[in-house]
Amino acid sequence: WTGASDKELAMLCHDYPGFFRYASLMEEAAETERHRPKAGTRDLPELPEGLKRHLAALLVKAATLERRYQSVLDAAQRTGLLHEVDRLRELHRVWSLERDEFVAAMTAAEVPRTAVDFLRHTLNDMGQRILELESRARGAVRR
């Protein structure tokens, strides 16, 4: 979007309702990253390969849940979406169990406490964002 004219950006925002939200999130993330202390994650040890794959799967599933809940919110005026919210709620429940298993696996693999705490906090934040989206989606489709 950095190379698009104002007119092109307006058309993108009109044609793709999620585009503005995505662009805003990217700007917010970049701004947060610019102001974040740089030493926070450099000292974390590298995870064992199996835990890396597990973490990657958790991150992909969390991003998918967030995106799908947002799609429900974007289409809330359509009927029949409560079933989709219920299905996503179940997927989130499974993801939460997998998150807890991952944290236990890190502890069992004797990953240093700093890494366990950092990843637990990050994954818990993701889970909280998903819960907030679920609540908004549930309220939007019941109206």
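This one's a predicted model, so the numbers in the text were calculated from it and none came from an experiment.
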What pairs of donor and acceptor atoms, side-chain ones from residues 118-125 against any protein atom, are under 3.5 angstrom apart with sequence neighbours left out?
{"unit_1": "Arg120", "atom_1": "NH1", "unit_2": "Asp117", "atom_2": "OD1", "d": "3.2"}
{"unit_1": "His121", "atom_1": "NE2", "unit_2": "Asp125", "atom_2": "OD2", "d": "3.2"}
{"unit_1": "Thr122", "atom_1": "OG1", "unit_2": "Phe118", "atom_2": "O", "d": "2.9"}
{"unit_1": "Asn124", "atom_1": "ND2", "unit_2": "Arg120", "atom_2": "O", "d": "3.3"}

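Arg99 meets the salt bridge (Lys or Arg N to Asp or Glu O under 4.0 Å) test with no other residue; sequence neighbours excluded. Taking the side chain to side chain donor-acceptor pair (under 3.5 Å) definition, one finds that Glu90 meets it with Arg93, sequence neighbours left out. Under the rule for a side chain to side chain contact (heavy atoms under 4.5 Å, CB included), the partners of Ala109 that lie at least two apart in sequence or sit in another chain are Leu51, Val111. Annotation: salt bridge (Lys or Arg N to Asp or Glu O under 4.0 Å) contacts of Arg67 (sequence neighbours excluded): none. Not counting sequence neighbours, the partners of Glu98 by the salt bridge (Lys or Arg N to Asp or Glu O under 4.0 Å) test are Lys61. Qualifying side chain to side chain contact (heavy atoms under 4.5 Å, CB included) partners for Leu131, counting only residues two or more places apart in sequence or in other chains: His92, Gln128, Glu134.
In the hydrophobic clustering of ILVMFWY residues, with side-chain heavy atoms under 4.5 Å counting as a link, Val94 and Val85 come out apart.
In this structure the side chain of Leu91 reaches within 4.5 angstrom of the side chain of Arg68, judged on heavy atoms. With a 4.5 Å cut-off on side-chain heavy atoms, Met106 and Leu55 do not count as touching.
Rounding to the nearest 0.5 angstrom, the gap separating the CZ atom in Arg129 from the OH atom in Tyr69 is 14.0 Å. In this structure, the separation between CZ on Arg89 and CD on Glu84 is 14.5 Å, given to the nearest 0.5 Å.
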Original post:
What's the verdict on side-chain contact (heavy atoms from CB on, under 4.5 Å) for Arg138 and Asp86, showing C-alpha distance, side-chain angles and the deciding distance?
Top reply: CA-CA 9 Å; Arg138 194 167 281 288; Asp86 289 339; 2.8 Å; yes

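Here side chain to side chain donor-acceptor pair (under 3.5 Å) pairs that include residues 48-60, with residues two or more places apart or in two chains, are Glu46-Lys52.
Considering every non-hydrogen atom in both Leu65 and Trp95, the closest pair reads CD1-CB, 4.1 Å.
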